[in-house]
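Heads up, the thing below is written out as C-alpha cells.
Position 1 is the first residue of the sequence, and the numbers go up from there. Here the structure is a predicted model, which means the values were calculated and not measured.
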Amino acid sequence: SGSGQLLSLIVGLGDYTGGELVVEGVEHDIRYKPLEFDGWKERHWTLPFEGERYSLVWFTPKGCEGVCGIDMVPGDGCD
C-alpha cells in the first residue's frame, strides 16, 4: 500500500485461475470484476494463482483529492 492513499480500485486481467484478493479476511474474485476498497486501512493480499495475471490498481494519494491535473476532464470544475 502507498503512503496515505485513499480508496483503491483493483481489477485482475489475464488467463489465470486462483489469485483472489483477500481484504480483511474476505476473498474477492477480481478477475474482470473491479473491486473498490481502502488499500491504506484494510489489510489485503493476493492468493496463489496459475497462469498469466495482470493487476490494474487505481488510487488517489491523500491530499490530492480535487486537485486539477492532466487526468481531469473539461467541464468537471477544473477548467
Side-chain angles (χ1 to χ4, degrees):
S1 67
S3 179
Q5 70 189 38
L6 297 174
L7 287 179
S8 298
L9 178 71
I10 187 170
V11 63
L13 307 172
D15 185 15
Y16 67 93
T17 57
E20 292 80 7
L21 180 71
V22 181
V23 180
E24 293 291 323
V26 179
E27 292 182 21
H28 299 274
D29 177 9
I30 62 165
R31 187 171 182 263
Y32 296 99
K33 299 174 189 171
L35 176 70
E36 188 177 87
F37 69 103
D38 188 331
W40 178 246
K41 293 182 181 175
E42 296 178 301
R43 234 179 107 132
H44 57 282
W45 62 92
T46 301
L47 294 178
F49 62 91
E50 291 188 22
E52 196 163 343
R53 180 182 188 270
Y54 302 92
S55 297
L56 297 178
V57 182
W58 293 264
F59 66 92
T60 301
K62 194 169 186 174
C64 292
E65 314 87 344
V67 173
C68 296
I70 59 172
D71 58 338
M72 305 298 274
V73 294
D76 64 1
C78 287
D79 43 347

Distance (rounded to the nearest 0.5 Å) between His28 NE2 and Leu47 CG: 11.0 Å

Min side-chain heavy-atom separation Leu56-Ile10 under 4.5 Å: no

Contact summary for Phe59 and Ser8, nearest pair of heavy atoms: CB-OG, 3.8 Å

Glu24 atom CD: more than 12 heavy-atom contacts under 6.0 Å: yes

Nearest-0.5 Å distance that lies between atom CH2 in Trp45 and atom CD in Glu27: 9.0 Å

Rounded distance (nearest 0.5 Å) linking atom CG of Leu7 with atom NZ of Lys41: 9.5 Å

Worked verdict on Leu9 versus Val57 for side chain to side chain contact (heavy atoms under 4.5 Å, CB included): CA-CA 6 Å; Leu9 178 71; Val57 182; over 6 Å; no

Verdict with supporting geometry, Phe37 and Leu21, side chain to side chain contact (heavy atoms under 4.5 Å, CB included): CA-CA 11 Å; Phe37 69 103; Leu21 180 71; 3.8 Å; yes

Check: Val23 and Asp38 side chains under 4.5 Å, non-hydrogen atoms: no

Tyr32, OH: over 12 other non-hydrogen atoms inside 6.0 angstrom: yes

Side chain proximity check, Val11 to Ile30, heavy atoms < 4.5 angstrom: no

Set of residues satisfying side-chain contact (heavy atoms from CB on, under 4.5 Å) with respect to Phe49, sequence neighbours excluded: Tyr16, Arg53

